Amino acid sequence: MQKLEVLGANKLKGQINISGSKNASLPILAATLLSHKKVYLNNLPNVKDIETMINLLQSLGSKIKFNKKKLIIDNSKQNKKFASYNLVKTMRAGIIVLGPLLAKFGNAKVSLPGGCAIGSRPVDIHLKALSKLGVKYKIMQGYVHATAPKGLIGSKIHFPKISVGATENLIIAASLAKGTTILNNCAIEPEIKDLVNFLISIGCNISWVSKRSLKIIGVTEIKETTYSVMFDRIEAGTYLIAAAITEGNLKIRNVIPNIIKTEIDILRKIGAKISIKKNEIRIKGNKKIKNINIKTAPYPGFPTDLQAQIMALLCKASKKSVIKEDIFENRFMHVAELNRMGAQISTIGNKALIKGNTKFAAAELMATDLRASVSLVLAALSTKGKSVINRIYHLDRGYENIEKKLKMVGAKIRRVS
Ligand code: UD1
């Protein structure tokens, strides 16, 4: 099993190009199932989750090839409606093929994603909302068996809770439904807006009617498209924190700074010096890190996907900070590993109390999920000595060329088998 060795305490200096967004690419790939015309996608990140989604689409009959860095998807002969456990179990986003398969064929059998390290992660909101479009479903032996006897029919849906995945599934499904669908209380993550823009580019009729409401008029004509996926805002946030935690000086390129305003404001409050240009952010870490209280929230709040990384940084603050995790029930697995490096973090329910003033000590560590793993890399980068991070397949799910990007800005990091 591969590990990362990090020899820490180098101030990171230079520039990092941010890759395309994993979380925007996944629903866009699923949405290509709606099209019988060719789709050309640019800027997909080269990470394991994207490979898994491509395998899932191929198992459904999609013809996919790479031409230089462009992915060409031909779903004109795509005809299978069964998404197997083997492919969905490693990546919860697999459930997003349910909406497009139902829209296209009126029936589908898709594995439930099952539990995962950061909580039980049910799909009840997806299923209840789909039933409002005329879908009947049963859950048998770990699979959702769904049919829409009369096809999907537009409806008015109010999501009981903000869910990124459920919003995506419903937007895609409603795009080919008969009539008009109104979706209220939608997630408005930038990745959702990217999905909507992609769907509009293939001919779907979708408009924002208020901040969290969408109007979708089902269409019958789909067009060929070439689309470029947005930047990965979580990757960008991670490297901004890498600069702050190593007192480095980094230029983060290929981003839209306005999209990550919340994160930039928080890093400024903590003491980082940040300047912004059109598509890049310059950040200079400060020796003194100020404490702050943060709670995770749906966009435009602070993202749960950066909670572990900011916690590593707050361990070095001069006073106590509190982080409240309001999205997932069990997203503190990194706490035990950060404490093994010398942090003093205690958790009560969904709150983590971070004592601050930590001088991390290098250690042998275990990655537990995607974002928890990268928080260990950040802590290791900030401290003298050699840390070893095991089970880095979690990191490879979502960070493109992480050690190459870090090496280019002066980190001593290598992958060993
Ligand atoms: C997506 C992101 C993930 C991010 C999360 C929150 C992708 C591929 N993944 O995950 O990186 O951390 O948004 O920003 O884009 N819930 C239910 N029932 C449901 C669906 C969700 O109870 O049917 C709950 C979840 O357990 C969680 C909360 O709602 O507590 C938010 O989950 P959701 O927004 O759906 O996250 P994902 O789409 O899975």
Side-chain angles (χ1 to χ4, degrees), residues 20-35 39 41 44-45 47-62 64 71 73 75 78 80-105 107-114 116 121-131 133 135 137 143-144 146 148 152 157 159 162-177 181 183 186-199 202 204 206 214 216 227 229-230 305 397-398:
S21 161
K22 166 179 91 69
N23 285 357
S25 301
L26 290 170
I28 288 174
L29 282 166
T32 67
L33 288 167
L34 296 182
S35 175
V39 174
L41 289 178
L44 291 174
V47 295
K48 187 76 191 158
D49 273 10
I50 299 301
E51 197 185 309
T52 307
M53 184 54 100
I54 289 173
N55 289 338
L56 176 55
L57 291 182
Q58 284 171 329
S59 79
L60 292 167
S62 302
I64 300 181
L71 195 71
I73 305 171
N75 278 326
Q78 185 273 323
K80 298 196 182 73
K81 302 167 262 179
F82 170 67
S84 80
Y85 175 68
N86 271 344
L87 289 161
V88 180
K89 71 175 179 205
T90 56
M91 189 193 60
R92 180 181 155 79
I95 193 72
I96 302 177
V97 299
L98 182 60
L101 289 177
L102 284 168
K104 193 164 166 183
F105 301 113
N107 64 80
K109 180 176 163 190
V110 175
S111 171
L112 285 170
C116 91
R121 304 188 83 173
V123 291
D124 55 320
I125 302 172
H126 300 236
L127 297 177
K128 279 189 193 128
L130 284 169
S131 69
L133 297 183
V135 174
Y137 64 87
Y143 280 85
V144 183
L152 299 184
I157 296 168
F159 293 108
I162 292 172
S163 159
V164 172
T167 304
E168 291 166 348
N169 228 336
L170 268 289
I171 293 172
I172 303 171
S175 290
L176 293 193
T181 298
L183 299 177
C186 292
I188 52 166
E189 268 58 10
E191 294 76 19
I192 303 250
K193 299 205 165 158
D194 211 31
L195 169 66
V196 168
N197 291 339
F198 165 75
L199 286 167
I202 63 168
C204 297
I206 309 176
L214 276 168
I216 304 166
Y227 193 82
V229 175
M230 67 173 284
D305 287 351
R397 286 188 46 208

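On a predicted model such as this, the values are computed, not experimentally measured, just so you know.
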I50/I54 under side-chain contact (heavy atoms from CB on, under 4.5 Å): CA gap, chis, key distance, verdict: CA-CA 6 Å; I50 299 301; I54 289 173; 4.0 Å; yes
L199 vs I216, side-chain contact (heavy atoms from CB on, under 4.5 Å): CA-CA, chis, key distance, verdict: CA-CA 11 Å; L199 286 167; I216 304 166; over 6 Å; no
Verdict with reasoning, E168 to L26, per side-chain contact (heavy atoms from CB on, under 4.5 Å): CA-CA 10 Å; E168 291 166 348; L26 290 170; over 6 Å; no
Check against side-chain contact (heavy atoms from CB on, under 4.5 Å), L56 and L29: CA-CA 10 Å; L56 176 55; L29 282 166; over 6 Å; no
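Looking at S175, its side chain does come within 3.5 Å of a backbone N or O of I171 through a donor-acceptor pair. Panel note: side chain Q78, backbone K80; a donor-acceptor pair is recorded below 3.5 Å. With K104 contributing its side chain and L33 its backbone, the two residues share a donor-acceptor pair below 3.5 Å.
Remark: D49 pairs with K22, R397 by the side-chain hydrogen bond (donor to acceptor under 3.5 Å, both in side chains) rule, at least two apart or across chains. Under the rule for a side-chain hydrogen bond (donor to acceptor under 3.5 Å, both in side chains), the partners of E51 that lie at least two apart in sequence or sit in another chain are K48. For F159, the ring-ring contact (aromatic ring centres under 6.0 Å, His included) test picks out no residue, with sequence neighbours left out. Every residue meeting the side chain to side chain contact (heavy atoms under 4.5 Å, CB included) condition with A146, not counting sequence neighbours, appears here in chain and number order: L98, L102, V135, Y137, V144. In this structure, the side-chain hydrogen bond (donor to acceptor under 3.5 Å, both in side chains) partners of T32, at least two apart in sequence or on a different chain, are N75. Evaluation of the ring-ring contact (aromatic ring centres under 6.0 Å, His included) rule for Y143 yields F82 as partners, not counting sequence neighbours.
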Return a table of donor-acceptor pairs under 3.5 angstrom between the side chains of residues 187-198 and protein atoms on other chains or two or more places apart.
{"unit_1": "E189", "atom_1": "OE2", "unit_2": "Y299", "atom_2": "N", "d": "2.9"}
{"unit_1": "E191", "atom_1": "OE1", "unit_2": "R233", "atom_2": "NE", "d": "3.2"}
{"unit_1": "E191", "atom_1": "OE1", "unit_2": "R233", "atom_2": "NH2", "d": "3.0"}
{"unit_1": "E191", "atom_1": "OE2", "unit_2": "R233", "atom_2": "NE", "d": "2.7"}
{"unit_1": "D194", "atom_1": "OD1", "unit_2": "Y227", "atom_2": "OH", "d": "2.7"}
{"unit_1": "D194", "atom_1": "OD2", "unit_2": "M230", "atom_2": "N", "d": "2.9"}
{"unit_1": "N197", "atom_1": "ND2", "unit_2": "K193", "atom_2": "O", "d": "3.3"}

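Closest approach of A103 and L176 over heavy atoms only: CB-CB, 4.0 Å. Heavy-atom minimum distance, A83 versus V97: CB-CG2, 4.0 Å. Closest approach of V110 to G94, counting heavy atoms only: CG1-O, 4.4 Å. When all heavy atoms are compared, the tightest approach of I96 to N169 is O-OD1, 3.4 Å. Here the closest heavy-atom approach between residue S163 and residue A166 is recorded as OG-N, 3.0 Å. Taking both residues in full, the closest heavy atoms of A129 and I157 are given as O-CD1, 3.5 Å, listed atom of the first, atom of the second, then distance.
Rounding to the nearest 0.5 Å places CG of N23 at 11.0 Å from CD1 of I28.
Atom NZ of K109 is surrounded by more than 12 heavy atoms from other residues, nucleotides or ligands within 6.0 Å.
Of the residues L214, V164, L170, the one that meets the side chain to side chain contact (heavy atoms under 4.5 Å, CB included) test with C186 is L214.
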